[in-house]
Amino acid sequence: LTPGPSIINYTLPTGCVTTHAITVNPLVPVTGRATVCEGASIALSNVVPGGTWTTSDPSVATVSSASGVATGVSAGSAIISYTNPSGCVATYIITVNGLPAGVTGSTAVCEAATTTWGSTTTGGTWTSSDPAVATIAPATGLLSGITAGTTLVTYTLSTGCASSYLVTVHPLPASVTGSSA
C-alpha cells in the first residue's frame, strides 16, 4: 500500500506463527510529454535509475530500452512501461499523432504566378518561411510567387504535427528587346 518495511505473519490453526520481513518499494511515475508526431521523438524519464523501458506496440511507438526516448511510428496509442531495478513497473500512455496526408502542390512557381497546395487532412494551416519569396493563404493554400528564391511551405495540423516542402520561385525572363517588323 505504501513504501517501506512490513512484517508478514502466517499463523497455523495450531497457533504456530512464522514471520517474514518484506520491503514495499515505491512506484515512481513516468514523466514526459504524452503526445508525439509520427517520426518525432520525446524523452520520457523516471527518477529511479537503472531500469528498462518497453513498449506495448512497436508498430505505433518504439522506445530505447536504456534512455526512454520514444519515437512515433504510426498514429495511435501505445503503453510505455518502465521496470525499475526492484521489478516495479510504471506505465505511461503516449499518443502518436499522424502527419498531414495527401499533400499536393507544385514545388516550383514563377514570380507573379500562383499555385494551390492542398491536403486530404483538413483543418491545418499553411505557412511560408519567407513571405518575401512566396506567400501562402493559411486556410486555402493559395501560394503566390513574389520574388526569385526558395521558401519552405509548411502545413501544420492542430496537433502540431507538420509536413514541409521546399518551393522554388523562378524569376521572370528579362525584358525582350528587338524589332517588331
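In this text, all values refer to a predicted model and were calculated from it rather than measured experimentally.
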Practice problem: Might you point out which heavy atoms bring Ser164 and Thr154 nearest each other, and give the distance in Å? | Solution: OG-OG1, 2.8 Å
Quiz item: If you measure only the distance, is there a donor-acceptor pair under 3.5 Å linking the side chains of Ser81 and Thr91?
Solution: no
Which donor-acceptor pairs under 3.5 Å do side chains of residues 137-149 form with protein atoms, sequence neighbours excluded?
residue : atom : partner : partner atom : Å
Thr140  : OG1  : Leu142  : N            : 3.4

Exercise. Answer yes or no: are there more than 12 heavy-atom neighbours, outside Ile93 itself, under 6.0 Å from its atom CD1?
Key: no
Quiz item: Other hydrophobic cluster members with Leu99, side-chain heavy atoms of Ile/Leu/Val/Met/Phe/Trp/Tyr under 4.5 Å, chained?
Solution: none
Quiz item: Taking all atoms of both residues into account, what is the closest heavy-atom pair of Ile94 and Arg33, and its distance?
Solution: CG2-O, 4.2 Å
Exercise. Please name the residue in the list Val60, Thr35, Thr159 that meets the side-chain contact (heavy atoms from CB on, under 4.5 Å) test with Thr95.
Key: Thr35
Quiz item: Is any side-chain heavy atom of Thr135 closer than 4.5 Å to a side-chain heavy atom of Ser128?
Solution: no
Quiz item: So which heavy atom on Val36 is nearest to which on Ser41, and how close?
Solution: CG2-N, 3.9 Å
Quiz item: How many angstroms lie between atom OG1 of Thr125 and atom CD1 of Ile136, to the nearest 0.5 angstrom?
Solution: 11.0 Å
Quiz item: Taking the side chain from Thr11 and the backbone from Val17, do they hold a donor-acceptor pair closer than 3.5 Å?
Solution: no
Exercise. Name all residues meeting the side chain to side chain donor-acceptor pair (under 3.5 Å) criterion together with Asn97; count only those two or more places apart in sequence or in a different chain, and write none if there are none.
Key: none
Self-check item: Those residues that, when tested against Leu166, pass side chain to side chain contact (heavy atoms under 4.5 Å, CB included) (two or more places apart)
Solution: Thr150, Leu152
Quiz item: Is it true that a side-chain atom of Thr121 and a backbone atom of Pro100 form a donor plus acceptor pair closer than 3.5 Å?
Solution: no
Quiz item: Are Val28 and Tyr92 co-members of a hydrophobic cluster defined by side-chain heavy atoms under 4.5 Å apart?
Solution: no
Quiz prompt | Non-hydrogen atoms of Leu172 and Glu111 that approach each other most closely | solution = N-OE1, 3.1 Å
Exercise. Among residues two or more places apart or on two chains, list those pairs meeting side chain to side chain donor-acceptor pair (under 3.5 Å) that have a residue in residues 43-64.
Key: Thr31-Ser45, Asp57-Ser59, Ser64-Ser67
Quiz item: Taking the side chain as C-beta and beyond, is there a heavy-atom pair between Val48 and Pro85 under 4.5 Å?
Solution: yes
Quiz item: Does Thr23 use its side chain to pair, donor to acceptor, with the backbone of Pro5 at less than 3.5 Å?
Solution: no
Exercise. Output every pair passing ring pair (Phe, Tyr, Trp, His ring centres under 6.0 Å) with a member in residues 143-168, not counting sequence neighbours, ordered by first then second residue.
Key: Trp117-Tyr165, Trp126-Tyr155
Quiz item: Side-chain contact, heavy-atom cut-off 4.5 Å: Ile8 with Tyr10?
Solution: no
Quiz item: Mind checking whether Ile80 and Val30 have side chains closer than 4.5 Å, heavy atoms only?
Solution: no
